[in-house]
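Scroll down for the structure; my scribbles are underneath it.
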Amino acid sequence: MDNIKKTLSDASTFVTRAVQFTEEKLGKAERTELDPHLIILEQKTDNCKGYTEKIKNNAAAVLIPNPAQRAESLFFDNVPVDKIGIKNERLTNLEYLGNDM
């Protein structure tokens with residue numbers, strides 16, 4: 001008998017969660033109003049996460065540079081291409097990292 005009660009309880013919980021999930025996806029559920037301070041903190045956290053990811057990715061580019069970019073920078077550093085009108089306007093990996101910091 002206890003086994004049946006437990007099974008019915010689990011089924012009831014499952015159905016309740018399924019209904020809640022469906023209402024949330026369809027937009028019919030009551031939304032919990034969040035504190036404005038909490039919303040501001042959430043936005044700040046998202047911004048901080050974005051900046052941190054940018055810095056991390058640019059630091060990785062400095063530590064493990066792309067071979068094609070290295071060859072291009074070597075070419076522009078050693079060949080006098082400004083005499084023929086070609087200009088290298090790409091920032092280096094260190095400059096990208098500095099801009100994000």
Side-chain angles (χ1 to χ4, degrees):
M1 190 67 172
D2 289 335
N3 194 14
I4 294 174
K5 286 182 182 179
K6 185 176 186 237
T7 304
L8 287 176
S9 174
D10 290 343
S12 172
T13 303
F14 177 76
V15 169
T16 303
R17 289 183 182 171
V19 168
Q20 179 183 1
F21 179 77
T22 305
E23 286 178 350
E24 287 175 359
K25 288 299 179 185
L26 294 176
K28 295 180 181 178
E30 269 186 48
R31 300 206 182 258
T32 303
E33 292 298 323
L34 299 175
D35 185 30
H37 180 68
L38 184 63
I39 294 172
I40 292 171
L41 284 176
E42 181 185 16
Q43 292 170 349
K44 286 182 179 180
T45 304
D46 290 341
N47 289 339
C48 184
K49 180 184 176 189
Y51 293 139
T52 304
E53 286 177 356
K54 274 185 173 180
I55 291 172
K56 179 188 71 86
N57 292 337
N58 287 334
V62 169
L63 296 173
I64 308 170
N66 184 347
Q69 287 180 347
R70 289 179 64 197
E72 182 181 342
S73 65
L74 180 68
F75 175 75
F76 278 108
D77 291 343
N78 294 327
V79 177
V81 290
D82 29 323
K83 291 182 180 177
I84 59 173
I86 299 173
K87 190 174 183 183
N88 185 11
E89 297 178 3
R90 180 181 293 178
L91 297 176
T92 65
N93 289 336
L94 285 173
E95 292 169 334
Y96 279 118
L97 179 61
N99 287 343
D100 285 341
M101 292 183 106

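- Cluster partners of Leu34 are Leu38, Ile39, counting Ile, Leu, Val, Met, Phe, Trp and Tyr whose side-chain heavy atoms approach within less than 4.5 Å, directly or via other members.
- The hydrophobic cluster of Ile40 has no other members, since no ILVMFWY side-chain heavy atom comes under 4.5 Å of it.
- Residues in residues 40-64 take part in these side-chain hydrogen bond (donor to acceptor under 3.5 Å, both in side chains) pairs, two or more places apart or across chains: Asn58-Asp100.
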